[in-house]
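Take a look at the structure set out below.
Remember, it's a predicted structure, so these values are computed and weren't measured experimentally. Computation of the quantities below employed the complete heavy-atom set of this structure, encompassing side-chain atoms and omitting hydrogens, waters and symmetry-equivalent molecules.
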Amino acid sequence: MKYVFRASVLAFIGYVVGIWLTVAIRGGSPTDEVAVVFGFILALIGWLGGIGGIEAFGRQWMGKKPKTSPEKGWTRYFEFSIDHKVIGIQYGVTFISVLLIGGIGAMLMRIELASAGQGILDLDDFNKVVSMHGILMVAVAVAGILGAFGNYIIPIQVGAADMAFPRLNALAFWLVPPVAIGLLGAPFLGSFNAGWTAYAPLSVTNDSGQILFNLAIITFGLSSILGGINVLVTVITMRAPGMTWGRLPIFTWAGVAASLLSFCVTQFFAAALILVTMDRVAGTAFFGPDVGTGLLYEHIFWFYSHPAVYIMVLPGFGVILELVPTFARKPLFAYKAAVIGMLTIVGLSVVVWAHHMFTSGMADFLHGPFMILTEAISIPTGLVFLSIIGTLWMGRLWFRTPLLLAFGWLFNFLIGGITGIFLADVATDIHLHDTYYVVAHFHYTIVGGSIFGLLAAAFYWFPKITGRMYNERLGQIFAVWVTVMFNFTFIPLFWVGINGMNRRVGDYPEAFEGANRFASISALILGASFLLFVGNLVYSAIKGPKAGPNPWNSRTLEWQISSPPPQHNFTSQPRIVGHPYDYGVEGSRYVVFDEPGSSVSDAPEEVHA
């Protein structure tokens with residue numbers, strides 16, 4: 001805790017110094033946006049130095065040996081730990097907390113929309129709540145699975161002792177708290193009302209809280225890029241002997257695909273926000289009516305943000321593909337096709353961005369190519385669905401909580417995919433654009449594809465991370481509860497959207513009141529389900545029964561070591577000799593250890609089907 005205290009003090013000092021220097025040099029107020037920019041930058045430097053950057057990096061710059069966390073006790077979760085498992089838990093707890101905060105924003109919105117006319121929020125405040133809810137939930141979807149389970153599980157799945165760049169891994173996480181503080185502190189400067197998309201020119205002219213949004217998301221982008229680099233280098237260079245690309249666990253493949261996108265496209269959103277920030281504080285006019293206009297911003301933004309949809313859902317693909325063979329007790333159907341599908345999605349995702357812009361005024365001759373390319377991306381996505389359904393078909397299904405959530409994921413993301421086809425078609429998109437149909441589709445895609453994957457992953461790997469078992473009955477109740485109420489909340493929004501109800505507006509015609517009231521009541525019940533989710537996992541982590549190394553009788557490497565894993569993951573070198581998903585294949589084995597008997601007592605020397 002002393003490092004968090006030191007980091008907070010240095011961040012505060014940095015912010016004050018940045019504000020003071022700016023005001024002293026150019027005059028103005030401490031709340032001027034130029035002062036806020038320099039204050040944020042120095043606060044971020046102070047935070048990173050105080051949390052452990054001085055010991056981890058600064059000492060080496062001065063020719064001394066770097067120091068890191070001693071890796072002991074619960075306090076290591078509040079320090080600059082370089083253990084990938086600690087970092088994974090840090091990400092997980094952080095983003096579940098952000099998920100709950102974003103969910104509170106959703107409850108406020110649905111209370112306002114429960115009846116026509118102004119209620120608890122005026123129109124501007126409604127847009128501010130929508131914007132805050134949107135960006136918090138997008139952050140969870142972008143980094144929730146990959147940050148938490150990518151960090152914790154991928155190094156073990158490939159047989160590595162840690163990530164390739166442990167200090168960089170810790171740095172990537174400790175960039176996240178300033179992001180949350182910046183976003184949640186924006187209301188003190190008037191907040192931001194331009195949505196999570198921050199469209200110019202509104203984001204150039206609105207309240208000063210927008211500047212904190214810009215700075216926070218630029219910082220978050222840096223964290224995402226660093227995380228993506230680490231995953232890619234770890235998987236490419238640190239795989240166990242015998243782990244060819246054809247023997248790589250499917251969750252790791254999904255992490256590679258998402259990390260490749262994070263590394264390649266995140267900087268475009270950051271670039272767009274830097275240009276907006278320059279327009280606000282430096283007098284430039286990148287998005288002025290005589291220069292780039294708002295259309296330039298949309299092109300830059302969506303060049304990142306449609307691939308970002310797949311940064312969100314590819315890890316969800318990996319989670320579901322990982323757990324379905326375990327609970328179906330069958331080999332993963334069409335493993336190679338699923339891998340090809342995910343890599344094809346990576347390639348196509350960067351050439352479909354403008355289907356978000358059919359009503360923007362861009363050149364008409366672009367409509368046809370982007371429509372065709374967008375609809376083409378459903379083909380590799382279909383390969384992933386084929387793999388999941390083929391694995392479930394005729395399987396000996398073990399209906400535990402992760403599998404129930406996987407079925408919820410399958411249904412919800414299928415609805416998201418089908419409804420997306422109509423938004424990829426120019427004629428129907430012109431009618432449906434900026435309506436609640438888009439809101440419903442987006443939530444079925446992102447919540448269905450990413451958040452349901454995050455929930456399934458939380459239950460699937462909970463025994464491995466904590467060494468204890470959650471309450472299965474409560475888990476099953478939660479899985480059914482969250483799936484049913486999610487659909488009760490968002491299916492009515494398709495209807496109101498088709499009939500013309502505009503999104504991002506805190507009022508609507510009385511004709512839509514019945515459907516909105518039903519959706520709002522369902523949303524409140526949906527939100528209550530997360531009390532059960534958090535309560536079950538927190539209580540079980542403390543009081544739950546011991547789980548053992550492999551409660552699911554799974555084949556991948558993380559299940560062949562103790563729960564929780566030892567500090568450096570393996571007590572002897574694993575060697576991969578088979579395929580990770582050969583469930584039911586007579587005589588098959590996946591891993592042997594160099595020294596017989598040197599693995600944990602409950603883990604077999606050879607892992608059979």
Side-chain angles (χ1 to χ4, degrees), residues 22 25-29 31-38 40-41 124 127-128 130-131 134-135 138 182-183 186 189-222 225 264-308 349-371 373-374 426 429-430 433-434 438 503-504:
T22 306
I25 293 171
R26 67 185 298 274
S29 164
T31 59
D32 285 350
E33 293 185 5
V34 176
V36 172
V37 168
F38 285 102
F40 184 92
I41 292 171
D124 188 53
N127 283 339
K128 291 176 179 178
V130 168
S131 302
I135 194 60
V138 164
L183 292 174
L189 294 178
S191 198
F192 47 92
N193 61 356
W196 75 271
T197 56
Y199 276 176
L202 178 58
S203 59
V204 177
T205 60
N206 59 352
D207 289 338
S208 294
Q210 184 69 49
I211 204 72
L212 283 177
F213 173 100
N214 296 353
L215 296 169
I217 300 308
I218 292 168
T219 304
F220 187 57
L222 176 59
I225 292 170
C264 292
V265 301
T266 303
Q267 56 269 32
F268 288 94
F269 192 12
L273 292 178
I274 289 172
L275 295 180
V276 169
T277 302
M278 294 291 288
D279 278 6
R280 295 184 70 105
V281 304
T284 58
F286 291 107
F287 305 115
D290 299 322
V291 189
T293 75
L295 190 61
L296 173 63
Y297 179 91
E298 289 188 51
H299 277 294
I300 301 172
F301 171 82
W302 284 115
F303 189 78
Y304 159 76
S305 290
H306 194 79
S349 69
V350 297
V351 293
V352 301
W353 76 91
H355 74 260
H356 294 274
M357 301 169 56
F358 288 150
T359 64
S360 68
M362 71 178 185
D364 289 343
F365 68 82
L366 294 174
H367 289 178
F370 278 107
M371 179 180 73
L373 288 168
T374 302
V426 177
D429 181 74
I430 289 172
H433 190 80
D434 256 346
V438 179
R503 61 175 174 166
R504 296 174 176 166

[atom1]/[X] to [atom2]/[Y] distance, rounded to the nearest 0.5 angstrom?
{"X": "Ile211", "Y": "Phe40", "atom1": "CD1", "atom2": "CZ", "value": "10.5 Å"}
{"X": "Leu189", "Y": "Glu33", "atom1": "CG", "atom2": "CD", "value": "8.0 Å"}
{"X": "Asp279", "Y": "Phe287", "atom1": "CG", "atom2": "CZ", "value": "6.0 Å"}
{"X": "His356", "Y": "Asp429", "atom1": "NE2", "atom2": "CG", "value": "9.5 Å"}
{"X": "Asp207", "Y": "Leu212", "atom1": "CG", "atom2": "CG", "value": "12.0 Å"}
{"X": "Leu183", "Y": "Ile217", "atom1": "CG", "atom2": "CD1", "value": "5.0 Å"}

Closest approach of [X] to [Y] (non-hydrogen atoms, all atoms of both residues):
{"X": "Ser131", "Y": "Ala194", "result": "OG-N, 3.6 Å"}
{"X": "Val265", "Y": "Pro307", "result": "CG2-CB, 3.9 Å"}
{"X": "Gly190", "Y": "Lys128", "result": "O-NZ, 3.0 Å"}
{"X": "Gly209", "Y": "Phe192", "result": "O-CD2, 3.9 Å"}

Examine the side chains of Arg504 and Asn193 and answer whether a donor and an acceptor come within less than 3.5 Å of each other. no
Can you list the residues that meet the ring-ring contact (aromatic ring centres under 6.0 Å, His included) rule with Phe358, with sequence neighbours excluded? His367
Can I get a per-line list of side-chain donor-acceptor pairs under 3.5 Å for residues 291-303, giving both atom names and the distance, sequence neighbours left out?
from, atom 1, to, atom 2, distance (Å)
Thr293, OG1, Leu295, N, 3.2
Tyr297, OH, Thr197, O, 2.7
Tyr297, OH, Ala198, O, 3.1
His299, ND1, Trp353, NE1, 3.1
Trp302, NE1, Tyr199, OH, 2.7

Is the closest side-chain heavy-atom distance between [X] and [Y] below 4.5 Å?
{"X": "Leu366", "Y": "Met357", "answer": "no"}
{"X": "Ser305", "Y": "Trp196", "answer": "yes"}
{"X": "Phe286", "Y": "Val204", "answer": "no"}
{"X": "Arg26", "Y": "Asp32", "answer": "yes"}

Expected output: side-chain Thr284 to main-chain Met278 donor-acceptor under 3.5 Å: yes
For His433, what residues pass the side-chain hydrogen bond (donor to acceptor under 3.5 Å, both in side chains) criterion, not counting sequence neighbours? Thr359
For atom CZ of Phe370, decide whether the heavy atoms of other residues, nucleotides or ligands shown that lie under 6.0 angstrom number more than 12. yes
